[in-house]
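Notes for the one structure printed next.
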Amino acid sequence: MIGTGMWSRATAALAVVASLLITPLAPHAALEAQSGTGTIRGKITNAAGAPVPNAQVFVAGTQNGGQSGADGGYTITRVTPGSLTVRVRMIGYEPTEKLVTVAANQTATADFSLKTSPISLDQVVVTGTAGSARKREVGNSIGQVSTKDLPEVPTNVSNLLAGRVAGVQISGGTGNAGAGSAIRLRGATSLALSNQPLIYVDGVRTRSDEYPRNGIFQGATQRGANAYGSPLNDINPDDIERIEVVKGAAATTLFGTDAAAGVIQIFTKRGSQGTPKWNAQLNSGFSRLQKFGAGDAPLLYMDDFVRDGARYGMQAQVAGGTQNNVKYLFSFGADNTNGVLELDNERKYQLRSNIDFSPMKNMQFSWNTSYTNNLITQTPAGNNAQGVTLNAFRRNRNYFGNANPDTIKLVYGQQLNSNIDRLLMGATTTWTPFEKFSSRLVVGFDRSALENRNVRPYGFPGAVTGIIQNQIWQNKIISLDWANNYELQVTDDFKATLSAGTQYINSVVGDVVAYSENYPAPTNPTVASGSLRNADENRLKNITGGAFSQALFGFKDKYFVTVGARVDGNSAFGESFGFQTYPKASASWVVSDESWWSEKFGTLKARAAYGQAGRAPTAFAAVQTWDPVGWGTSPAVRPLNLGDPNLGPERTTETEIGFDNTLFDGRFSVDFTWFKAVTDDALFFVRNVPSLGFLNSSLGNAGKIQKSGIEAAINGTLLDKTWLGIKAGLNVSTNQSKVLSLGGAPSFSVGNFGWVIEGQPAPVLRGRLIKNEDEIGAAIDTTVNHTYGPSQPTLILSPSLNINTWKGITISARGEYQGGAFINEDASFQALSRSVLWPTCTRAYEAIAGNQPLTPRERLTCIPANARQDMFIFPADFFKIRDITVTVPLGRIIPKTASSTLVLSAQNIFRTNFGMPLFDPEMSGNDGFNTAVRYISEHIPAPAMFLTSIRMSF
């Protein structure tokens, strides 16, 4: 529970921060009053007259502007007197502008009424561009998610993205508290490196790979929670205004060597001129584990070990602006989540401060700070001999030899605590010395700190004298991004925007691990308590630096061509490799602006893009390294990595072609893209010649892989009446991959029955196929080393429906189908090979008891002596209902509020598999987000959640 003392401390802290940031600028208000500038005020509404909050309002040709508030009102101060153009931009609406005359020391009024438009060609996008650009100017696809369009109660950023953007796959989650998800944009790009996209928050580079899991790193390393946390979970989804997603090298060239897997850029909410506007949100709900077993074991014997989870929390936010043109937003969030496993708990506290002001008329300065403290307690689970799930699944064949729940619950004595501290800061300065030129500098700092404490106390089963490990881990990322833009109006019809800049990323990762065992007595232990002690330390620094230039040419505001390049260096490159150059080119044509185009065909923009981006090898991969070892008191080293002075990045070249089309006065829209990406110099682990003395495989630029597919986002308004409105949408994604070359190397395994084979998907699952698996009494007919198919889905369908009913009550639903992938379901093999009575063999057990014939699959899997691990490869196809949400406007029913809303949301409430008899195909094993091939081990899936939220504005 959140006590009143904590509330008072949080309120006081916010007040102190606000006073420290705003007070030094207060004297500026008096100067402004004497400067002879003016003010513009107004209100922004939609066609029905309802206020439109969070719309961007600014004076054309300047950085002076702000956002509309909850009532649609806005204020722009310090406006230079004269005749000026005021522009309004808002996702989902057509851009609007007005000519306004401003007099010195006077206030001008400009009200705007916006028309809806699902695809706005003048909408501004940032990601993938040198600064910002209108959508009509951009030749590549950029997916966008605006949080104002999200009805459900957001739980984390990964769930917020799932099923909302074509070409985005979210997977790999488990049911543990604090567990994160893997993200793939257009499938996998690399077979040896991270496929997580880059994450930017307000222009600041942040960590994208998972946190270290809380496991023991001595002996059996799986002894722990076997769940990985995601840095994305540290970002408060209620602070987000919009997310931009670029999915391939054609759009990410300017991000350089790290960007081949795509970029996700998150923009948080900002303040606006005017009086403070308060928003508060109270959330509550519960979670419940859904069926993932079969027959009389719907929870796979976990019934005595799971509970209904609970979630409650609150969010508070205040935003506004002062008379001296300072705009601010402060937010505070607190959430407490009890998971469905007995010990699982996550307590999260989040603070954010966004400040915008103008130290001078032609300069804008923004300061963004967010802090997250996440305290996670987890139940020992996963493929863990001392975990609850493995022992519950295997029943009397478990490591206790006993299916009694009280015996298995002895593992609850293990303490698994993770404390995440995350501080993210960014400063952005935009200087416009004259109207056509702007310079933007972003300096960022991201510090992720984690303490993993893993304690098995004195008397713990399997470690009677106790074991303790404490890991202190930290990742610091310092980034600098400088971009300059100059607009050149050559003629009335011809315009050029020239851009150039540089980027610097410095990432340092390090940890210290202390381990001990054999406590002398049953005490509350520390690492010093053990009689046998060990320690480990790791430090890793990676530096990327690059420069870019770009030219955007526009003719008659409907023909656009962009050319550019980035030159990169990286500390992981071999010493003989040098710098890498990544070119880009794109074009767009606003066909609907042609004189011969009929308005009845709506708006149409055709686009094409070509670009290259890279993925740097891991640190020290290019360097010859030695492993420090010793024997007794004698120090020694042994060969570790051979190294390669010519080692360089993977280079992905991508081409995409597409169009954006709206019809029927904006009631129907299609965003379509075809893409093809080829990765040259693909990094594989290559065997070394033994005579060199280095027996470990090392990274080498040895291969070539390809992926291609289509993406379509289709949205339509089916009915638009005062009393009933119906909107429907469908995102479609396909992805076909292929290994084009192995550079002369033989086919090789990447684990979990995944193989890299020329001419096959990258990677492909291979195992034993039972050809006649369901023919009762038939002779066994199998194929060894059968090629099943890819590990990544080849088809993703994401339907959505939104119904607006009486009194503004809305009902929304969102689902997702993923198909075409295969996965190794290892938990069933591990149980059946140990003679566990398993629910997939119920019919076989009855047939054996009645001396009746079996099917080939039953003979090969239900008889323990016949079970083989490579016979448990199944299609990973499934359909899920991601969420169903009801939103009820309450008006001013709550005293002293300007408005309030009740939200009821059910998430992850239904799933059906197509081919896999047990488990959830989105589950993962003990591997992290970057495993080349996922598999399923002894985990539980993510539970269903039923959430209620009261949202209030003051």
Side-chain angles (χ1 to χ4, degrees), residues 193-194 206-229 231 374 376 378 415-423 445-456 463 466-478 505-519 525-544 570-572 616-643 694 696 698-699 926-930:
L193 305 175
S194 170
T206 70
R207 180 174 176 84
S208 57
D209 287 332
E210 70 269 30
Y211 288 129
R213 66 176 175 85
N214 195 350
I216 292 290
F217 299 99
Q218 296 289 330
T221 60
Q222 73 269 26
R223 304 289 191 254
N226 290 313
Y228 291 81
N374 196 0
I376 300 172
Q378 289 186 330
Q415 302 169 32
L416 293 165
N417 301 316
S418 297
N419 188 345
I420 299 173
D421 269 307
R422 182 84 181 274
L423 178 64
F445 175 76
D446 180 22
R447 176 184 177 271
S448 308
L450 169 70
E451 179 183 12
N452 277 330
R453 188 167 182 82
N454 189 323
V455 180
R456 279 174 280 174
I467 295 175
I468 184 173
Q469 177 176 290
N470 210 65
Q471 178 189 24
I472 304 296
W473 175 95
Q474 184 173 262
N475 182 197
K476 290 181 180 179
I477 301 175
I478 299 173
I505 310 292
N506 185 322
S507 176
V508 179
V509 181
D511 74 339
V512 176
V513 181
Y515 171 94
S516 73
E517 59 185 54
N518 297 338
Y519 314 149
T526 64
V527 174
S529 303
S531 59
L532 178 62
R533 305 171 191 171
N534 204 344
D536 190 26
E537 181 180 12
N538 300 279
R539 290 180 179 273
L540 192 69
K541 177 186 283 189
N542 188 277
I543 297 175
T544 300
N570 186 283
S571 58
T618 54
F620 300 117
V623 181
Q624 190 169 107
T625 59
W626 303 80
D627 188 18
V629 296
W631 183 261
T633 60
S634 301
V637 295
R638 63 183 176 192
L640 184 62
N641 181 64
L642 178 61
F694 291 80
N696 292 335
S698 57
L699 279 179
N926 293 348
D927 298 333
F929 298 167
N930 293 315

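Because the structure is a prediction, the values reported are computed rather than measured. Heavy atoms only: backbone and side chains are in, while hydrogens, waters and symmetry mates are out.
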Checking [X] side chain against [Y] main chain: does a donor-acceptor pair fall under 3.5 Å?
X: Glu210; Y: Phe929; answer: yes
X: Arg213; Y: Gly224; answer: no
X: Ser531; Y: Asn518; answer: yes
X: Tyr515; Y: Gln471; answer: no
X: Asn641; Y: Ala621; answer: yes
X: Ser529; Y: Tyr519; answer: no
X: Asn475; Y: Ser507; answer: no
X: Asn452; Y: Gly215; answer: no
X: Gln624; Y: Leu642; answer: yes
X: Asn930; Y: Asp209; answer: no

Shortest non-hydrogen contact from [X] to [Y]?
X: Tyr228; Y: Asp927; value: CE1-O, 3.3 Å
X: Pro525; Y: Val455; value: CG-CG1, 3.7 Å
X: Val527; Y: Ser516; value: O-OG, 2.8 Å
X: Ala572; Y: Asn570; value: N-OD1, 2.7 Å

What is the distance from atom [atom1] of [X] to atom [atom2] of [Y], rounded to the nearest 0.5 Å?
X: Asn506; Y: Phe445; atom1: CG; atom2: CZ; result: 10.5 Å
X: Ile477; Y: Ser208; atom1: CD1; atom2: OG; result: 7.5 Å
X: Gln474; Y: Arg539; atom1: CD; atom2: CZ; result: 8.5 Å
X: Asn542; Y: Thr544; atom1: CG; atom2: OG1; result: 5.0 Å
X: Asp627; Y: Leu640; atom1: CG; atom2: CG; result: 5.0 Å

Exercise. Hey, is CZ on Arg533 packed in by over 12 heavy atoms from elsewhere, all under 6.0 Å?
Worked result: yes

Is there a side-chain contact between [X] and [Y], using heavy atoms and a 4.5 Å cut-off?
X: Ser571; Y: Lys541; answer: no
X: Trp473; Y: Val513; answer: no
X: Ile467; Y: Arg223; answer: no
X: Leu193; Y: Leu699; answer: yes

For this session: Evaluate the side chain to side chain contact (heavy atoms under 4.5 Å, CB included) criterion for residues Glu517 and Ile216: first the C-alpha distance (whole Å), next the side-chain angles of each, then the deciding distance (0.1 Å), finally the verdict.
Result: CA-CA 12 Å; Glu517 59 185 54; Ile216 292 290; over 6 Å; no

Exercise. When you look at Arg422 and Asn374, which way does the side chain to side chain contact (heavy atoms under 4.5 Å, CB included) test go after all the steps?
Worked result: CA-CA 8 Å; Arg422 182 84 181 274; Asn374 196 0; over 6 Å; no

Seminar exercise, completed: Per side-chain contact (heavy atoms from CB on, under 4.5 Å), Asp511 is matched among Asp536, Asn538, Leu450 by Asn538

Exercise. Would Arg453 and Asn214 satisfy side chain to side chain contact (heavy atoms under 4.5 Å, CB included), going step by step from the backbone distance to the final call?
Worked result: CA-CA 7 Å; Arg453 188 167 182 82; Asn214 195 350; 5.5 Å; no

